[in-house]
Amino acid sequence: MFFQIFLRFVSNLSTIVTGFLSVVVHWIPVLKKYMENTHQKKVIFSKRKSLLCIAPLLTTVEETPQIISARVRGHFPKWLNGCLLRIGPGKFEYNHWFDGMALLHQFKVEKGTVTYRSKFLQSDTYKTNSVHDRIVISEFGTLALPDPCKNVFERFMSKFEPLAITDNTNVNYVQYKGDYYISTETNFMNKLDIETLEKTEKVDWSKFIAVNGATAHPHYDKDGTAYNMGNSYGQHGSCYNVIRVPPEKVDLGETIHGAQVICSIASAERMKPSYYHSFGMTRNYIVFTEQPLKMNLWKIITSKIRGKAFSDGISWEPQYNTRFHVVDKHTGQLLPGMYYSKPFVTFHQINAFEDQGCVIIDLCCQDDGRSLEVYQLQNLRKTGKELDQVYNSVARSFPRRFVLPLHVSLNAPEGKNLSPLTYSSARAVKQADGKILCSYENLYPEDLEEEGGVEFPQINYGQFSGKKYQFFYGCGFRHLVGDSLIKVDVVNKTLTVWREDGFYPSEPVFVPVPGTSEEDGGVILSVVITPNQNERNFLLVLDAKNFEELGRAEVPVQMPYGFHGTFVTI
């Protein structure tokens, strides 16, 4: 019985962790001033006394369930018709940024006009907390306290009750069999009516396959087949599982019916699996990065008894290397090659593809995995020099490329670079023990260091996911939240930047022009918010080619800084 409780409880771990990681980002104190009248021109660097306070961006807001019209300045292309759906925390009676109750945002763009609405996700966690007017269900960085109405003995005994698993799915929109779900990293997802923003069903992964959750960043084949990864915990240790969900429904009432685990990868340490937030996929392979950001299952299982949050069980252990696992997604076979690199942490993959017998994977990487500890709300709400100190303690994230040669013979020479790619300086060298040590290629110019690195990477996914590509888009982090939008050319290693002082853009979403085959033929959408109560938040639309602003749709509504989203064409 205890072991069953242990398994159930451990699944929660994945969940909370997701929220936090979804938005790990890094920066530097050097600030840039753009020349007047443009966001894209050369900048002059100058030191600023301290970072601007962003506490209003991390404060509980009211939902806006009734549709309101936005004020459009400039223009939105007439071909751009659909909904930008965003999600993130909206109620902040917690300790950690990633714990806030999920708030759903909908920007509807139609024939040049824009409307907005928002609603709190009516999850069971949200409803339970609302009824009791306190935190009843623990989140990633916040432990729910015992009922104050109970006596001392009852409160003590409550520490030994099984933990309820949160269904506060506040990380990302995902799609299975044509339906949209809101996901975090627990075993629960919430199915959503994207028109009304109403939850229609709660779905439990563990009812379909033997996993204790799944990431909020699945990948999709052209036919709609979805792939994801999730952990499982059992008598023989922890496993990382590759999941496949078929593209079509047999019955209209189906959710993730037919989901299968096609491959299980044993954790290097039985009771200390790695945390991961996403994974890579090419046309034929799944690429999983096992990194030295460890989840101590025993600490997580006993966290309630010890009076600690789940996050207390996650630690950065750089004495271990990072390892890449490659799985044939058609057969489910794990390839025998053992690919390693020096320790690093990644939360978001950029893209992966195949070329000349190699898998190439591009990721946003950090050399220090302790950033999660920093994102306590009390840290983010500081001002002046104290806020600067918090910012300076966070590692920055930079795009890197690794090359994994797939067909390494037993007679391959030791100490020689096995990568045949002349366009990449990334190396893969066979060691005496037969392992392949991989060293990365930086995919950016030095200018990116002054932008604070980059996170929330997005590409032209529909046309270039799993293929050789040239561009990706992300947020620059000269603050603890994104303060710029960046287009990175990974071939020429150049940057184009959009910035407006005092405003903080969200993850950029690429929307292609209908019928185009150009990789950057389209627009970038981003929700831009400000702590300045005299200014309005807005939906920004940029030309993806030159990063020039086409228009903005201003909304007189307070919004917190969020995580991820998607654009759904109508």
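Formation of a donor-acceptor pair under 3.5 Å by the Asn170 side chain with backbone atoms of Leu103 is not found in this model. Using a distance-only test at 3.5 Å, with no hydrogens or angles considered, a donor-acceptor pair links the side chain of Thr346 to the main chain of Cys364. Remark: the backbone N or O of Val374 is paired with a side-chain donor or acceptor of Asn379 at under 3.5 angstrom. The backbone N or O of Lys199 lies less than 3.5 Å from no partner atom in the side chain of Glu201, so there is not a single donor-acceptor pair. Between the side chain of Asp167 and the backbone N or O of Asp124 there is at least one donor-acceptor pair closer than 3.5 Å. At distances below 3.5 Å, not a single donor-acceptor pair connects side-chain atoms of Gln431 with backbone N or O atoms of Gly415. Checked by atom type and distance alone, the side chain of Thr142 never pairs as donor or acceptor with a backbone atom of Ser138 at under 3.5 Å.
Between Phe279 and the options His325, His219, His217, a ring pair (Phe, Tyr, Trp, His ring centres under 6.0 Å) holds for only His219. Under the ring pair (Phe, Tyr, Trp, His ring centres under 6.0 Å) rule, His96 has a single partner from Phe98, Phe92, Tyr94, which is Phe98.
Looking at every heavy atom in both residues, Val408 comes nearest to Ala412 through CG1-CB, 3.8 Å. Taking both residues in full, the closest heavy atoms of Ser397 and Glu455 are given as OG-OE2, 3.3 Å, listed atom of the first, atom of the second, then distance. For the pair Ser274 and Asn231, the tightest heavy-atom approach, listed with the atom from each and the gap, is O-ND2, 4.3 Å. Residues Thr322 and Pro343 share a closest heavy-atom pair of OG1-CA, 3.6 Å. Residue Cys438 comes nearest to Val403 through the heavy atom pair SG-O, 3.9 Å, listed as atom of the first residue, atom of the second, then distance.
Between Tyr240 and Phe288, the ring centre distance stays below 6.0 Å. Between His257 and Phe208, a ring centre-to-centre spacing shorter than 6.0 Å is recorded. Aromatic rings from Phe464 and Phe353 are positioned such that their centres are separated by 6.0 Å or more. For Trp298 and Tyr233, the ring centers are positioned 6.0 Å apart or more.
For the atom pair Ile286 CD1 and Ile262 CD1, the distance stands at 6.5 Å (nearest 0.5 Å). How far CG of Asn190 is from OG1 of Thr169: 4.0 Å, rounded to the nearest 0.5 Å.
Between Asp368 and Trp316, some side-chain heavy-atom pair lies under the 4.5 Å cut-off.
Tyr285 does not carry Lys329 over the face of its six-membered ring by the limits of under 6.0 Å from the centre and within 45° of the normal.
With sequence neighbours left out, the side-chain hydrogen bond (donor to acceptor under 3.5 Å, both in side chains) criterion links Asp328 to no other residue. Every residue meeting the side-chain hydrogen bond (donor to acceptor under 3.5 Å, both in side chains) condition with Asp223, not counting sequence neighbours, appears here in chain and number order: Thr225.
Residue pairs satisfying the salt bridge (charged side-chain N to carboxylate O under 4.0 Å, His left out) criterion with at least one member in residues 340-365, sequence neighbours excluded, are listed as follows: Asp355-Lys468, Asp362-Arg401.
Under 4.0 Å is where a charged nitrogen must lie from a carboxylate oxygen, and between Asp179 and Lys177 no such pair does.
Within a 6.0 Å sphere centred on CD of Glu248, heavy atoms belonging to other residues, nucleotides or ligands number 12 at most.
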Exercise for review: Tell me, with the steps shown, if Tyr440 and Phe344 meet side-chain contact (heavy atoms from CB on, under 4.5 Å).
Suggested key: CA-CA 11 Å; Tyr440 60 82; Phe344 71 87; over 6 Å; no

Check your understanding: Where do Ser315 and Glu317 land on the side-chain hydrogen bond (donor to acceptor under 3.5 Å, both in side chains) test, with the steps shown first?
Key -> CA-CA 6 Å; Ser315 60; Glu317 302 187 15; 2.9 Å; yes

